[in-house]
Amino acid sequence: MTTTPDALGAARCPFSTVKTPFDASYFADPYATYRRLHTEGPVHRIKTPEGYDAWLVTRYTDVHQLLGDHRLVRHVRHAKGDYYRFPLPVEFSRSLVREDPPVHTRLRRYMNLAFAPKRVRPLKPRIEAVTDELVTALGDSGETDLMASLAMPLPITIIAEMLDVSAEERADFRRWADALVGLDQEELRKGGISMLHCLSRLVELKRKEPGDDIWNDWIRGLQGQEEPLETDELLGLGFMVLLGGYDPTAGVIGSAVLRLLQEPELAQRLREQPELMPSAVEEFLRLHGASHTAARRFAAEDVEVGGVTIPAGSAVFLSLSAANRDPEKFEDPEVFRPDRAPNRHVALGQGPHFCSGAELARMEITAALEAVLHRLPNLRLAVPAEELRLRPGYSIRSLEKLPVTY
């Protein structure tokens, strides 16, 4: 039987209680929260840390279906209440995560052009070279924060080179990106303004001096086929590439290395059976995907999920990480199986919002893990695992630091 919403948009019992799942215990261990939510129902009426009312979907079958459901839309014109507020510069509002077809379809063609196989696959030697340089810089022995010395700079370097961001601005960019996925609204605003200034300079420069990079593809690549991209659209795409090409990949690399340190028998198996690496990367993405919660959506009409009606205008969050650990979909979901097959996780999205940079991310994760396995075989945690902390947030989660000795 389908429950129906009351006048306030709440489904009647047993879903009338508003939950606050993104609390201190979640930030300490999000996976325990996901296990609990799996037992409590398919959809949860929640309040976000920012104070927004929303609905959270956690089961794999529902998340997988809703990722491509046309009734869940991105544009804020479908929202009710405070979701009309946009905390980032308005110039970033013309982006893939905030538009629906036909605008989204058009922007997606430009994004796909930037990450087409002919552009991404030739980057493999460069990815391996950057990884080698970062590991070599560590020296033969010592102590380091592997997030700062490998997991973060590898994807930052590659994506910054693709967008021609100067070496001087890359360190600043890391700080801005961290602010943009955090919970501090003032820091988020400052980070957005700083990134806007950086990207605006790049757009102006690339229009004057085209080069062999993504900007040239975006500014010139589809002209003659449809209307050229407007400035705000260029800024929105640049913003998506910089943020999406860095943070999620860095998070997976850090958590994957931690898993290898905690399960030395797994590390040894991957050394002895390198042919398992492609499927192991998929398992790292399933278990340790840094994109925990997909970008918010809005119900354009009433949507039924697991017998619960989500009212039109409601904000909806799809929990990718909870779906990827759903025991109804994955046998022994907490267990790492490097040869798990099939492994149809949703760490990289699904349908029209599937990650355009998926191939690039897989290449970077592979390069980093192979370097750790074969060039840092004596890597050890420098602190007890319980002292490690994930960065606060419920969208993109990654280790703040990963202190190791080698």
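In what follows, residues are counted from 1 in the order of the sequence shown.
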Verdict with reasoning, Leu242 to Ile159, per side chain to side chain contact (heavy atoms under 4.5 Å, CB included): CA-CA 6 Å; Leu242 279 173; Ile159 208 69; 4.2 Å; yes
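- Remark: the backbone N or O of Val73 is not paired with any side-chain donor or acceptor of Asp100 at under 3.5 angstrom.
- Scanning both residues, Arg74 and Arg296, for their nearest heavy atoms gives O-NH1, 3.0 Å.
- Proximity of a side-chain donor or acceptor of Ser395 to a complementary backbone N or O of Thr293 within less than 3.5 Å is not detected.
- Without hydrogens or angle criteria, Arg375 side chain to Leu373 main chain gives no donor-acceptor distance under 3.5 Å.
- With hydrogens and angles ignored, the 3.5 Å screen pairs no side-chain donor or acceptor of Tyr110 with any backbone N or O of Glu233.
- Side-chain N or O atoms of Arg344 include none that pairs as donor or acceptor with a backbone N or O of Ala341 at under 3.5 Å.
- The closest donor-acceptor contact from the side chain of Arg271 to the backbone of His374 lies at 3.5 Å or more, if one exists at all.
- For the pairing with Ile310, the side chain to side chain contact (heavy atoms under 4.5 Å, CB included) check across Asp302, Val43, Leu66, Leu72 returns one residue only, Val43.
- The distance from the OG atom of Ser321 to the NE2 atom of His288 is 10.0 Å, given to the nearest 0.5 Å.
- Considering all non-hydrogen atoms of both residues, Trp218 and Ala114 come closest at NE1-CB, 3.7 Å.
- A distance of 6.0 Å or more separates the ring centres of His345 and Phe284.
- Checked by atom type and distance alone, the side chain of Arg397 never pairs as donor or acceptor with a backbone atom of Ser291 at under 3.5 Å.
- Dense packing is recorded around CD of Glu133, with more than 12 heavy atoms of other residues, nucleotides or ligands lying under 6.0 Å away.
- Between the side chain of Asp213 and the backbone N or O of Asn216, at least one donor-acceptor pair lies under 3.5 Å.
- The local environment of CG in Asp212 is sparse, with at most 12 non-hydrogen atoms from other residues, nucleotides or ligands closer than 6.0 Å.
- Classification of Lys80 and Asp53 as a salt-bridged pair fails, no side-chain N sitting under 4.0 Å from a carboxylate O.
- Remark: Glu334 CD is packed, more than 12 non-hydrogen atoms of other residues, nucleotides or ligands lying under 6.0 Å away.
- Panel note: side chain Thr58, backbone Ala322; no donor-acceptor pair is recorded below 3.5 Å.
- With a 4.5 Å cut-off on side-chain heavy atoms, Leu258 and Gln262 count as touching.
- One N or O on the side chain of Arg286 and one on the backbone of Pro333 form a donor-acceptor pair closer than 3.5 Å.
- Few gaps surround NZ on Lys329; more than 12 heavy atoms of other groups in view lie less than 6.0 Å from it.
- Donor-acceptor pairing under 3.5 Å is lacking for the side chains of His75 and His104.
- Annotation: cation-pi geometry satisfied between Arg325 and Tyr31 (NZ/CZ under 6.0 angstrom from ring centroid, within 45° of ring axis).
- Of all heavy-atom pairs spanning Met240 and Leu96, the tightest one is CG-N, 4.4 Å.
- Look at Arg297 and Asp69 and you find no salt bridge, because none of the NZ, NE, NH1 or NH2 atoms lies under 4.0 Å from a carboxylate O.
- Between Thr249 and Ala361, the closest heavy-atom pair is OG1-CB, 3.6 Å.
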